[in-house]
Amino acid sequence: MKTVKVGSVGLGRLGYEHAKNLATQVPGCELAAICDVDANRVKEVAAELGVPNTYTDFEEMCKNPELDAIVIVSPSFLHCQQIEIAMNHGKHVFCEKPLGTDVAQCKAAEKVIEAHPDLIFQLGFMRRFDKSYAEAKRKIDNGDIGKVVLVRSYTQDPRSTIESTLKFAPHSGGQYLDMCVHDIDLIRWFTGSDVKNVWAIGGVFEFDLYKELNDADNAAATIQMENGAMGFMFTNRTHAAGSNVETEIIGTHGTLRIANVGAKNLLNIVDEHGSREEYYPDFMSRWHEAFVAEMVAFTGHVRDNTKPADLTVYDGTAVSEAAYRCKESFETGKMLPIR
Ligand SMILES: NC(=O)c1ccc[n+]([C@@H]2O[C@H](COP(=O)([O-])OP(=O)(O)OC[C@H]3O[C@@H](n4cnc5c(N)ncnc54)[C@H](O)[C@@H]3O)[C@@H](O)[C@H]2O)c1
C-alpha cells in the first residue's frame, strides 16, 4: 500500500484531534508535516506525534514536495484562501466545514477546484461517516420510509466546553455558519433537495458576547426545500448532560431517529440521581469514529486517485449559502429565499 503523506494546518481543538488520528489511526497514512501560527504548539505536537516537518507558515508547508495532501483545520475564514494555496502547489485537499464564511469565498473556491481537475477535494461533514447516519441514508435511498417529509436536527454542545466555545465564537462565522451547517448538510442529504426558503429565529439568553457578535446563543431555523420537504434545526452551547446531536427523519411510510440518549454505550447507571444513561462528554468523543472514517476515506481517494462521490465543493457552497441566508433572516426577522 502506497503511503499517503499528509500535512495538516491548525492544531487547535479539532486540528489536534485530526493530527492525532492521521498519525496513529489511519492505515497507510503518514502525518509528515504540521503547521500552526503558534510555534510552541507546533513543537509540542511534533514531539508528541513524531512529525518530521514543522511550519508556522502555511505556504512554506505547501511547498514541501514530499507531501501528497493537505488537511485544513484552521479558522473558517482562512479555508478558501488555503485551498487555493494548497492546490496551486499541486496538493490534494481535505477541508473542514464550513467551506467559507461568505458565499463569494465559496464561489472562488469552486473556480480553484475546477481549475485543478486532477486534484482531489473533500469537505469535512463527518456526520455522513457516522454508522447510524450512513444507515439512515441507505434506508432512505432504499425507499424504506417512503418520501422524506421532514428532517428535524438538533446540535447542542455541552455547557462543560463553554469556555473554549466563547473563545472560538468571534472567528467561527456565527451559529448558523459554524453549528447549523451540519444540520443543513444532513437536511440536504436526507431530502435529496436544495434549500429554497429559510426563516431563522433565536436570541441571546445568557451570553452577552453573542449580542456583540450580532448572533444568538440559542438559534433555530425552519427551512423549506426545493422539493417541498421541510427542515427544522436548533442549536445551542449549553446542553447540561453532554454533547447532544439528534436527528429525526419523518417519511410518508416511516420515521428514523438518531438520538444521543443512551448512545454512548449500553450502560444503565442507578444512583442517588435515579436511573440514567451517559452522554458523550463532547463532540470530539461523540464523532471520534466518524472523524477517523472521513480521513480513511480521504487518504484512500488520494491513494487510489478516485474522487469522492459527494461532499464536493458545491455541497459546501450550497450549505454555506443557506447558513448565510439564515444569519440574514435572523438579523432581519424575515423569511428569505436562497436566491
Ligand atoms: N467537523 C466538526 O464538527 C468541527 C468541529 C470543530 C471545529 N471544526 C472546524 O475546524 C476548524 C478549526 O476549529 P477549531 O475548533 O480547531 O479552532 P481553534 O481556534 O481551536 O484552532 C485553530 C488553530 O488554527 C491556528 N491558526 C490560526 N491562524 C492560522 C494560520 N494563518 N496558519 C496556521 N494556523 C493558524 C490557531 O493558532 C489554532 O491553533 C474550524 O473551521 C471549525 O469550523 C469542525
Side-chain angles (χ1 to χ4, degrees), residues 7-22 33-46 53-62 70-86 93-102 105-106 109 122-130 133 153 155-158 161-186 235 237 243-245 247 280 282-295 297-298 311 315-316 319-320 323:
S8 195
V9 63
L11 297 169
R13 292 181 312 170
L14 183 59
Y16 171 70
E17 170 84 3
H18 275 317
K20 202 165 49 154
N21 290 343
L22 287 162
I34 49 175
C35 172
D36 196 293
V37 284
D38 180 343
N40 287 334
R41 188 72 188 128
V42 174
K43 218 166 136 188
E44 248 171 46
V45 176
N53 300 293
T54 58
Y55 301 88
T56 51
D57 182 289
F58 179 68
E59 183 147 22
E60 286 307 309
M61 178 167 81
C62 292
I70 298 291
V71 167
I72 297 175
V73 208
S74 55
S76 304
F77 69 92
L78 293 173
H79 291 178
C80 292
Q81 68 192 66
Q82 290 184 336
I83 290 169
E84 184 170 9
I85 293 169
V93 173
F94 172 95
C95 179
E96 255 312 323
K97 54 58 56 178
L99 174 62
T101 49
D102 69 46
Q105 282 178 11
C106 297
Q122 187 179 317
L123 197 61
F125 284 124
M126 78 297 179
R127 288 185 192 176
R128 296 193 188 198
F129 290 88
D130 177 86
Y133 281 87
S153 199
T155 299
Q156 295 176 274
D157 269 355
T161 59
I162 189 67
E163 217 172 284
S164 67
T165 297
L166 293 175
K167 237 169 64 190
F168 177 75
H171 64 74
S172 70
Q175 302 280 33
Y176 293 104
L177 273 153
D178 185 41
M179 296 281 269
C180 291
V181 285
H182 284 296
D183 305 299
I184 298 169
D185 177 55
L186 290 180
T235 189
R237 310 285 198 161
S243 170
N244 186 58
V245 173
T247 305
Y280 285 94
D282 49 38
F283 74 83
M284 227 81 88
S285 53
R286 167 63 184 87
W287 302 106
H288 173 72
E289 284 178 18
F291 283 134
V292 173
E294 68 181 353
M295 287 303 163
F298 172 64
L311 286 172
D315 291 313
V319 170
S320 290

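Atoms within a ligand are numbered from 1 in the order they appear, just like the ligands themselves. Because only heavy atoms are used, hydrogens play no part in the values below, and waters and symmetry mates are left out as well, while side chains stay in. Everything quoted here is computed from the prediction, not taken from an experiment.
With a 4.0 Å cut-off on non-hydrogen atoms, Tyr55 does not touch ligand 1 at all. By the criterion of a heavy-atom distance under 4.0 Å, the side chain of Val9, and not its backbone, is placed next to ligand 1. Counting heavy atoms under 4.0 Å from ligand 1, residue Asp178 touches it through the side chain alone. Under 4.0 angstrom from ligand 1, the non-hydrogen atoms of Glu96 all belong to its side chain. Only the side chain of Phe168 comes within 4.0 Å of ligand 1, judged by heavy-atom distances. Heavy atoms of Lys97 found under 4.0 angstrom from ligand 1 belong to the backbone as well as the side chain. At a heavy-atom cutoff of 4.0 Å, ligand 1 is contacted by no atom of Trp287, backbone or side chain.
Considering backbone and side-chain N/O atoms, Ser74 comes within less than 3.5 Å of an N/O atom of ligand 1. Where the criterion is an N or O separation shorter than 3.5 Å, residue side chain and backbone included, Leu14 meets it with respect to ligand 1.
Below 4.0 Å from some heavy atom of Gly124 lie the following atoms of ligand 1, by number and element: 1 (N). With ligand atoms numbered from 1 in the order given, ligand 1 contributes 28 (N), 29 (C), 30 (C), 31 (N) to contacts under 4.0 Å with heavy atoms of Leu78. Counting the atoms of ligand 1 from 1 in the order shown, those under 4.0 Å from a heavy atom of Gly15 are 16 (O). Under a 4.0 Å criterion applied to the non-hydrogen atoms of His171, ligand 1 contributes the atoms 19 (O). For ligand 1 and Pro98, the ligand atoms under 4.0 Å from any heavy atom of the residue are 43 (O). Which parts of ligand 1 touch Gly10 is read off a 4.0 Å heavy-atom cut-off, strictly below it: atoms 24 (O). Annotation for ligand 1: atoms under 4.0 Å from non-hydrogen atoms of His182 are 1 (N), 2 (C), 3 (O).
Protein heavy atom at the shortest distance from atom 35 (C) of ligand 1 is Val37 CG2, 3.7 Å. Among protein heavy atoms, the minimum distance from atom 6 (C) of ligand 1 is reached at Phe283 CZ, 3.4 Å. With respect to atom 25 (C) of ligand 1, the closest heavy atom belonging to the protein is Asp36 OD2, 3.2 Å. Distance from atom 12 (C) of ligand 1 to its nearest protein heavy atom, with residue and atom name: Val73 O, 3.2 Å.
Taking every heavy atom of both residues into account, Thr247 and Ser153 meet most closely at OG1-OG, 3.3 Å. Gly100 and Cys106 make their closest contact through N-SG, 3.7 Å (heavy atoms, listed as atom of the first residue, atom of the second, distance).
With distances taken over non-hydrogen atoms, the option nearest atom 22 (C) of ligand 1 out of Ser76, Pro75, Ala290, Gly173 is Pro75.
Ligand 1 lies within reach of Met126, whose nearest heavy atom is under 4.0 Å from it. Ligand 1 does not have Ser172 within reach: every non-hydrogen atom of the residue lies 4.0 Å or more from it. In this structure, His79 has a heavy atom closer than 4.0 Å to ligand 1.
Met126 has its side chain out of reach of Lys97: every pair of non-hydrogen atoms, C-beta onward, lies at least 4.5 Å apart. At a threshold of 4.5 Å between non-hydrogen side-chain atoms, the residues Trp287 and Val245 count as touching. The closest side-chain heavy-atom distance from Phe283 to Arg13 is below 4.5 Å. Using a 4.5 Å cut-off on side-chain heavy atoms (C-beta onward), Leu311 and Glu294 make no contact.
For the atom pair CG of Leu177 and CD1 of Ile184, the computed distance is 8.0 Å after rounding to the nearest 0.5 Å.
Partner Val9 forms a side-chain contact (heavy atoms from CB on, under 4.5 Å) with one of Met61, Glu96, His79 and no other, that one being Met61. The only member of Cys35, Cys62, Ser8 that meets side-chain contact (heavy atoms from CB on, under 4.5 Å) when paired with Ile70 is Cys62.
In this structure a side-chain-to-backbone donor-acceptor pair under 3.5 Å is missing from Asp185 to Phe125.
Ionic pairing of Asp178 and Arg237 is present here: one or more N-O contacts between side-chain nitrogen and carboxylate oxygen are shorter than 4.0 angstrom. Between Arg127 and Asp183 there is a salt bridge, since at least one side-chain N of the basic residue sits less than 4.0 Å from a carboxylate O of the acidic one.
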